[in-house]
Amino acid sequence: MATKPIKKVVIAGGGTSGWIAAAALTKQLGKVLDIVLVESDDIGTIGVGEATIPPMRTFHKFLGIDEQEVMRATQATFKLGISFENWGQIGDKYIHSFGITGKDFYLGEFHDFWLHGLEKGINAPFGDYCYELQAAKAGKFATSAKSKINYAYHMDATLYGLFLRKFSEDRGITRIEGKIVDVLKDQTTGGISAITLGSGQAIEGDLFIDCTGFRGLLIEKALHTGYEDWSHWLPCDSAVAVQTASTGPAVPYTRSIAHSAGWQWQIPLQHRVGNGLVFCSQYMSDEEAVKQLLDNIDGPPITKPKVIKYRTGRRRKNWNKNCIAMGLSSGFVEPLESTSIHLFMMATIRLMKLFPFGGITDEVIDEYNQQAAVELEKIRDFIILHYHVTQRDDSPFWRYCKDMEVPKTLSHRINLFKDGGRAFQSDGELFRVDSWVQVMLGQGIAPKQYHHMVKTMSDQELEKFLTGLKHSITSAVDQLPTHQEFVKHYCQAPEIKN
């Protein structure tokens, strides 16, 4: 397959994914492409993806976005990780932080030294050796140009979309308001030739980006690409979201609290708290979910509960003919590890790296789809890990998750860690060794062995090494201001007027 040169790109749909694509393409390629975004003012965005992960900071630097400016505009706070509660067993609690735990070594990993220390009676928790984790627990935070602290944000997703819209419009993007009522296909290639709006206007293009959400108006309804269902591994298919007034200082982490049929999130922003309940409709009704959420929030609601339905999985092709699905139209693996916005950004970067200026070829399509598939499968496995590695058997939902057959790629990683404490990060993989180890240890996997490289260190050297690390982290965290103090100093947002 080969097509004519690509000169005009049409982004169908706005929201977070549409405006991420628009911002990056306009900033980097706006001088050589005609870029148009079409969205309807009548179609709202889901707008609950308010927690992010650290690579967003790199994306912002790539676009030249000032951190303090975007944080003020989106009422953002800082995020050092996620507190997981009741996942391994009821009453358990651990933090998956964004930091590096201890120090890594060429042959082994820091957790090998930590496991050896346990045998020698050095019983400090694994998280004591992570600066970001200890800062999160203490409710403290600070950063500067020279700081190496690894962090992300909690932000208002709707305000973020508006920020990126202004960013894109300031750089010359064309925005057309209107509801898409039809998708026209080229009779020769089978690709998309234009989208038609309710006004009758037809928007032609050479390359179309589908950001129409779960509906997938272009990639699915027009091109019938197909969907690979992952609900047998990730059975939660619903969420209910509500915003509440803040009742105290914002903490620098997301809370993820497991319940009998899923989990509840709590995301503190400057001006409010985002709350939601993720659940499996086979084990909990919408009405039960709404009641359980409202019974377990801290502040008074400031919005009405909003129920969202989804199906975990992915399109069989993210790029089909001259259409690329981005955002929720490309697939969904649920918000447990806050990966959605990151995937939007990576899809845009991938497109720009492979952009078919001279015409679309099968080779470019295949490479894009292969990279996207590998990326999402690795994230999928990491999320399944949280559900499957559990001792909970108090409800049908958790018994199903505990006993379900998982992908071979995941069972391989679990067994490697169980048998010998081996953990790894493969090329291009989002989650590092630290992430895999924190979750596996946090949910109860105790490795039978560890790398004997660590036995070359004497008992005295081992104790000095571990104790020194712990003390240096404790000392550094003690000197930090509170998270609330730093936010007020660094990125305090204007007061919202009612």
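All figures in this text were calculated on a predicted structure; none of them were measured in a lab. The first residue in the sequence is number 1, and the count goes up from there.
Minimum interatomic distance between Met326 and Thr348 (heavy atoms only, all atoms of both residues): SD-OG1, 3.7 Å. The minimum heavy-atom distance between Arg392 and Asn86, with the atom names listed, is NH1-O, 2.9 Å. Of all the heavy atoms in Asn296 and Gln264, the pair that sits closest is O-NE2, 2.9 Å. Contact detail for Gly327 and Phe344: the closest heavy-atom pair is CA-CE2, 3.0 Å. Closest approach of Ala76 to Val487, counting heavy atoms only: O-CG1, 4.3 Å. For His116 against Leu462, the heavy-atom pair with the smallest separation is CD2-CD2, 3.5 Å.
Here the side chain of Asp156 pairs no donor or acceptor atom with the backbone of Gln75 at under 3.5 angstrom. Of the possible polar contacts, one joining the His388 side chain to the Cys401 backbone as a donor-acceptor pair under 3.5 Å is found. Between the Glu132 side chain and the Asn150 main chain, a donor and an acceptor come within less than 3.5 Å of each other. Listed for the Trp319 side chain is no donor-acceptor partner under 3.5 Å among the backbone atoms of Val364. In this structure, Thr312 contributes its side chain and Leu234 its backbone to a donor-acceptor pair below 3.5 Å. Panel note: side chain Ser472, backbone Leu469; a donor-acceptor pair is recorded below 3.5 Å. A donor-acceptor pair is defined here as one N or O able to donate and one able to accept, closer than 3.5 Å; no such pair exists between the side chain of Arg215 and the backbone of Glu220. Without hydrogens or angle criteria, Arg432 side chain to Gln425 main chain gives no donor-acceptor distance under 3.5 Å. Remark: the backbone N or O of Asp92 is not paired with any side-chain donor or acceptor of Glu85 at under 3.5 angstrom. Proximity of a side-chain donor or acceptor of Asn320 to a complementary backbone N or O of Thr225 within less than 3.5 Å is not detected.
Residue-environment remark: CZ (Arg422) stays at or below the threshold of 12 foreign heavy atoms within 6.0 Å. Around NZ of Lys61, the count of heavy atoms belonging to other residues, nucleotides or ligands within 6.0 Å does not exceed 12. Other residues, nucleotides and ligands place no more than 12 heavy atoms under 6.0 Å from the NZ atom of Lys408. The number of heavy atoms from other shown groups lying within 6.0 Å of NZ (Lys140) is above 12.
No side-chain donor-acceptor contact under 3.5 Å links Asp298 and Thr247. A side-chain N or O of Ser238 and one of Lys309 form a donor-acceptor pair less than 3.5 Å apart.
With sequence neighbours excluded, no residue forms a side-chain hydrogen bond (donor to acceptor under 3.5 Å, both in side chains) with Trp233.
A 4.5 Å side-chain heavy-atom check between Asp381 and Arg413 finds every atom pair outside the cut-off. Annotation: side chain of Lys291 is not in contact with side chain of Glu287 (no heavy-atom distance under 4.5 Å). Residues Tyr450 and Lys455 are in side-chain contact: their nearest non-hydrogen atoms beyond the backbone lie under 4.5 Å apart. Residues Asp237 and Ser231 form no side-chain contact, since every pair of their non-hydrogen atoms from C-beta on lies 4.5 Å or further apart. Taking the side chain as every heavy atom from C-beta outward, Glu39 and Trp19 approach each other to under 4.5 Å. Between Thr339 and Phe431, some side-chain heavy-atom pair lies under the 4.5 Å cut-off. Side-chain contact between Tyr160 and Met56 is present, with heavy atoms from C-beta onward closer than 4.5 Å. Side-chain contact between Gln266 and Val273: present, with at least one pair of heavy atoms (C-beta onward) separated by less than 4.5 Å.
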Test log, rule side-chain contact (heavy atoms from CB on, under 4.5 Å), inputs Ile122 and Trp114:
CA-CA 8 Å; Ile122 305 171; Trp114 176 76; over 6 Å; no
List the steps, then state whether side-chain contact (heavy atoms from CB on, under 4.5 Å) holds for Asp286 with Val240.
CA-CA 8 Å; Asp286 292 358; Val240 55; over 6 Å; no
Glu463 and Lys120: side-chain contact (heavy atoms from CB on, under 4.5 Å), yes or no, with the steps?
CA-CA 9 Å; Glu463 183 172 8; Lys120 298 297 182 179; over 6 Å; no
Determine, stepwise, if the pair Ser338 / Lys79 fulfils side-chain hydrogen bond (donor to acceptor under 3.5 Å, both in side chains).
CA-CA 11 Å; Ser338 312; Lys79 177 185 174 184; 2.8 Å; yes
Applying side-chain contact (heavy atoms from CB on, under 4.5 Å), run through Tyr387 and Trp263 and close with a yes or a no.
CA-CA 10 Å; Tyr387 285 101; Trp263 58 281; 3.1 Å; yes
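Two rings, from His96 and Phe382, have their centers less than 6.0 Å apart. Between Tyr400 and Tyr283, the distance from one ring center to the other does not fall under 6.0 angstrom. The aromatic ring centroids of His111 and Phe417 lie less than 6.0 Å from each other.
Relative ring orientation between Phe78 and Tyr153 is described as tilted, the plane-to-plane angle lying within the 30° to 60° band.
For the atom pair CZ (Phe141) and OG1 (Thr482), the distance works out to 12.0 Å, reported to the nearest 0.5 Å. Within the model, atoms CZ of Phe98 and CG of Leu80 stand 8.0 Å from one another, a figure rounded to the nearest 0.5 Å. Taking CG of Leu343 as the reference point, atom CD of Glu375 lies at 5.0 Å (rounded to 0.5 Å). A distance of 11.5 Å separates CG in Asn318 from CG in Leu351, rounded to the nearest 0.5 Å. Note that OG1 of Thr254 is 5.0 Å distant from CD1 of Ile267, once rounded to the nearest 0.5 Å. Note: Ile308 CD1 to Leu328 CG = 9.5 Å, rounded to the nearest 0.5 Å.
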In residues 436-448, what donor-acceptor pairs under 3.5 Å come from side-chain atoms, sequence neighbours left out?
residue	atom	partner	partner atom	Å
Trp436	NE1	Glu429	OE2	3.2
Gln438	OE1	Ser97	N	3.0
Gln438	OE1	Ser97	OG	3.0
Gln438	NE2	Ser97	O	3.2
Gln438	NE2	Asp434	O	3.2
Gln443	OE1	Tyr94	OH	2.7
Gln443	NE2	His386	O	2.7
Gln443	NE2	Val389	O	2.7

